[in-house]
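To start, the structure itself, in structure tokens.
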Amino acid sequence: MSTETNLWLIRHAPVDGPRGVIHGPDAPADLGDATAFAALKARLPASALAVCSPARRTRETAEKLGLDPVDQPAFREQDFGAWTGQRHSELERELGSAYHDFWKSPAGNRPPGGESFIDQIDRARAGLALLPAGEVILVVHSGTIRAVLAIALDLKPEQALRFVIDPLSLTRVDRLDNGWRVVAVNK
């Protein structure tokens, strides 16, 4: 019996809301791109376990793909604490150099009341340990996918933040008996 886990990591659909905002978990998904959803759905394995973060946009994306996901809090997006719901431009005006200093080392810095990307990697690692062998579809966030790539490729957190993960993109990572294999990123 194989203990390999094939992870099908999907970034949720774009947020149906203003751009430039650090969206909270209740932000809805824009589900209007029927062609993109159909193409993505055709690439997914049948009978896979489906998991999503507890965010509304991941659940809505999963359901639009015909999945019935279970929520896993370990795969939620990075918590930006007091910055959640605010525009980047407003934070930049309000905080000035403190905002710029945060982005000089975003992997280890924590927004007020939030968590760092390193914290998110630790959460994702714990969530991955709970997944069974077989085919698993994760409908999650760009930060979560970067965290999984950091784990799979043994990257420094700063390096993992360099990945671009587009809405409705597919990243394939396999957890093997003796390590990891990255099949595709942001397809």
Side-chain angles (χ1 to χ4, degrees), residues 2-19 21-80 84-85 114-115 117 119-152 160-161 163-175 180-187:
S2 174
T3 58
E4 182 175 309
T5 303
N6 301 316
L7 298 169
W8 301 76
L9 298 138
I10 298 168
R11 181 176 176 198
H12 59 77
V15 171
D16 187 9
R19 297 184 59 90
V21 172
I22 300 172
H23 293 285
D26 60 341
D30 176 353
L31 305 175
D33 191 343
T35 302
F37 274 100
L40 182 55
K41 183 176 180 177
R43 297 171 67 196
L44 299 177
S47 304
L49 170 66
V51 178
C52 68
S53 87
R56 176 179 174 184
R57 59 192 173 270
T58 62
R59 173 157 292 283
E60 289 176 345
T61 299
E63 290 172 351
K64 182 76 172 181
L65 289 167
L67 304 172
D68 184 20
V70 295
D71 287 357
Q72 175 46 261
F75 297 128
R76 71 183 189 281
E77 184 60 286
Q78 181 178 344
D79 181 356
F80 280 89
T84 302
E115 67 180 346
F117 180 59
D119 296 331
Q120 185 177 18
I121 291 171
D122 291 340
R123 260 194 304 102
R125 189 182 316 278
L128 290 171
L130 299 173
L131 297 177
E135 305 292 334
V136 179
I137 300 168
L138 297 177
V139 183
V140 292
H141 308 271
S142 59
T144 309
I145 296 170
R146 288 184 191 103
V148 172
L149 289 168
I151 294 162
L161 287 172
F163 282 102
V164 172
I165 308 296
D166 295 324
L168 292 177
S169 65
L170 176 64
T171 295
R172 275 275 293 112
V173 178
D174 297 335
R175 181 178 60 194
W180 294 88
R181 174 178 53 218
V182 176
V183 179
V185 177
N186 201 43
K187 293 289 222 164

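Residue indices begin at 1 and follow the sequence shown.
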Inset, instruction - For E63 and R59, run salt bridge (charged side-chain N to carboxylate O under 4.0 Å, His left out): C-alpha distance rounded to whole Å, both residues' side-chain angles, the deciding distance at 0.1 Å, then the answer. - result: CA-CA 6 Å; E63 290 172 351; R59 173 157 292 283; 3.3 Å; yes
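- The backbone N or O of P73 sits less than 3.5 Å from a side-chain atom of R76, completing a donor-acceptor pair.
- How far CZ of R125 is from CG of L130: 13.5 Å, rounded to the nearest 0.5 Å.
- Checking side-chain atoms of T58 against main-chain N and O of V140 turns up no donor-acceptor pair under 3.5 Å.
- Partner of L138 under the side-chain contact (heavy atoms from CB on, under 4.5 Å) criterion, chosen from L9, T144, L49, I145: L9.
- The shortest non-hydrogen separation linking V51 to Q72 is CG1-CB, 3.5 Å.
- The backbone N or O of P18 sits less than 3.5 Å from a side-chain atom of H23, completing a donor-acceptor pair.
- The backbone N or O of H12 sits nowhere less than 3.5 Å from a side-chain atom of R57 that would complete a donor-acceptor pair.
- Listed here is the closest heavy atom pair of P132 and V136: O-CG2, 3.9 Å.
- For the pair R175 (side chain) and L131 (backbone), a donor-acceptor distance under 3.5 Å is present.
- Of all heavy-atom pairs spanning A160 and F117, the tightest one is CB-CE2, 4.0 Å.
- Of the possible donor and acceptor atoms, none in the side chain of R56 sits under 3.5 Å from a partner among the backbone N and O of A27.
- Residues S169 and I10 form no side-chain contact, since every pair of their non-hydrogen atoms from C-beta on lies 4.5 Å or further apart.
- When every heavy atom of T61 is checked against every heavy atom of F37, the shortest pair comes out as O-CE2, 3.8 Å.
- Judged by distance alone, the side chain of R172 and the main-chain N or O of L7 form a donor-acceptor pair under 3.5 Å.
- Side-chain contact of S142 with R146: a donor-acceptor pair under 3.5 Å is present, judged by distance alone.
- Residues forming a side-chain hydrogen bond (donor to acceptor under 3.5 Å, both in side chains) with W180 (at least two apart in sequence, or on another chain): none.
- Checking H141, E115, E77 one by one against Q120, the side-chain hydrogen bond (donor to acceptor under 3.5 Å, both in side chains) holds for a single residue, E77.
- Taking CG of L128 as the reference point, atom CD1 of I151 lies at 5.0 Å (rounded to 0.5 Å).
- Once rounded to the nearest 0.5 Å, the distance linking CD1 of I137 with CG of L40 reads 8.5 Å.
- Scanning both residues, P167 and A13, for their nearest heavy atoms gives CB-C, 4.1 Å.
- S53 and F75 make their closest contact through CB-O, 3.4 Å (heavy atoms, listed as atom of the first residue, atom of the second, distance).
- The line from CG of L149 to CZ of F163 is 5.0 Å long, rounded to the nearest 0.5 Å.
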Practice task
Begin from the C-alpha positions of V185 and I165 and carry the test side-chain contact (heavy atoms from CB on, under 4.5 Å) through to its verdict.
Solution key: CA-CA 8 Å; V185 177; I165 308 296; 4.1 Å; yes
